[in-house]
Amino acid sequence: MRFVDEFRDAELGRALAAEILSLVEPGRHYKVMEVCGGHTHSIYKYGVDDLLPANVELVHGPGCPVCVIPMGRVDDGIALAHEEGVIFTCFGDMMRVPGSRGSLLEAKAEGADIRMVYSPLDALRIAKQNPDREVVFFAIGFETTAPSTALTLKRARMEHVSNFSCMCSHVTIVPPLRALLESPDLRLDGFIGPGHVSTIVGARPFEFIPADYDKPVVISGFEPLDILQGVQMILRQLAEGRCEVENQYKRVVPYEGNLRALEVMAEVFELRPHFEWRGLGFISHSGLRISEAYAELDSERRFTVPGVRVADPKACQCGEVLKGVIKPWECKVFGTACTPERPIGTCMVSSEGACAAYYNYGRFAREREVV
Amino acid sequence: MTVVSTDRERGLALCVGDDGRRASVETALVQPVQPGDVLLVHAGTAIASGAAA
């Protein structure tokens, strides 16, 4: 398959692993954060970490869009779903994210009209098919997904669909990265930059990481060879004393990003002063809301949203997992009270969540052999 | 996904995935597209095109 098979070649993988081994200094421990949940998923699906030397550790970052939604936001969604006449739509992963009194899936079982969609366009189609009902789309995700929501809102206006609105919970990737870099809990040597977010925003927004924090960033694709090459490029920068943003994923990521997408996002959204992240707390200018120009399509203005704030369950350590402070298997409830069938934390819900990736691919081993 | 046909007026393309699943895809961010192009699709919207990569 074009764009896939050539990035899963085992021989090339072994050659990259050998190069990585030649770049590491014995006795030095390297910590590299993969920012994106898609990378985490690929790493454990393909066993990429098994090809790395024992002193190169991959640390999971905050880039899983479902994982970072706080419980209070789920409760707000459930409250909207229970409004008279509302059809509430969301992505499949969001259905199982626990709020303080259950999930959207449980609310559906109790009678709320909640429907899973693959895209905001599906939600708009439902609105057109049900003109006597109010259709709300629960929009989540980073800059990768936000343009899709923005285009759908523009389309709703253009097609005069007045019974459609959006509960916007989109977030942006740079503020949490800056928060992580300011955190005293974590020592990192470099970042595997988010491939698909960078398709939209480009590489420039990550230039502050080498400039202000002296850490290399390599934007990488999601196939096993992409990730291995990303690690190799980071280690090469460190070995050569360089520190910059490099783009391994050039076949998809232009350095300036997708200018059309950035334009439509700037038209439809504006930054919130603060947004709450699960496990990370409130981060300034890290969330998007619908701009004044599109106010009539904003569910939070059309309905009364409770604005609930709920503390994470004490047993759940998603926050530490999202910050890369602990590994999923170090969480007290991993694989016992918290499983993909009955998740307590969001990291166990989404396929991009670090806990789900560990659990689904059987990565329970706490020790690795030296390559 | 691979573009099967395009609806330029509505800015949509009919695409087929590797698993044979067909879907309408918003193409406003990667115009112009034509049948045979490979698109990176996220949440029903093409965010990059293989032809351009």
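Hydrogens, waters and symmetry mates play no part in the numbers below; they use all other heavy atoms, side chains included. Within every chain, numbering begins at 1; the chains are lettered A, B, ... in the order of the sequence lines, protein sequences first and strands thereafter.
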*Minimum side-chain heavy-atom gap B:S24-A:L121 below 4.5 Å*: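 No, side chains not in contact.
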
_Interatomic spacing from CZ in A:R155 to CD in B:E26 - rounded to 0.5 Å_ =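 Answer rounded to 0.5 Å: 4.5 Å.
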
_Between CZ on residue A:F142 and NE2 on residue B:H42, distance to nearest 0.5 Å_ =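 That separation rounds to 10.5 Å.
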
*Is there a donor-acceptor contact under 3.5 Å from the side chain of A:S148 to the main chain of B:A43?*
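Indeed, once roles are kept as given, a pair shorter than 3.5 Å links the two residues.
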
*Please check if the side chain of A:N258 supplies one atom and the backbone of B:A48 the other of a donor-acceptor pair under 3.5 Å.*
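Such a contact is absent between A:N258 side chain and B:A48 backbone.
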
*Contact origin within B:L40 toward chain A - heavy atom pairs under 4.5 Å*: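 Just the side chain, heavy atoms under 4.5 Å.
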
_For chain A, the option from B:L12, B:T45, B:T2, B:L29 that forms the most heavy-atom pairs under 4.5 Å_ =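 The answer is B:L29.
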
_Can you confirm whether A:Y255 is buried at OH, in the sense that more than 12 heavy atoms of other residues, nucleotides or ligands lie under 6.0 Å from that atom?_
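More than 12 heavy atoms, drawn from other residues, nucleotides or ligands, come within 6.0 Å of this atom.
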
*Answer yes or no: are there more than 12 heavy-atom neighbours, outside B:R8 itself, under 6.0 Å from its atom CZ?*
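Result for CZ/B:R8: open.
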
*Heavy-atom pairs under 4.5 Å with chain B are the metric here; pick the option from A:I200, A:T199, A:V117 that has the most.*
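Of the candidates given, the most pairs with chain B belong to A:T199.
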
*How far apart are the closest heavy atoms of A:H196 and B:I47, and which atoms are they?*
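Heavy-atom minimum between the residues: O-CD1, 4.3 Å.
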
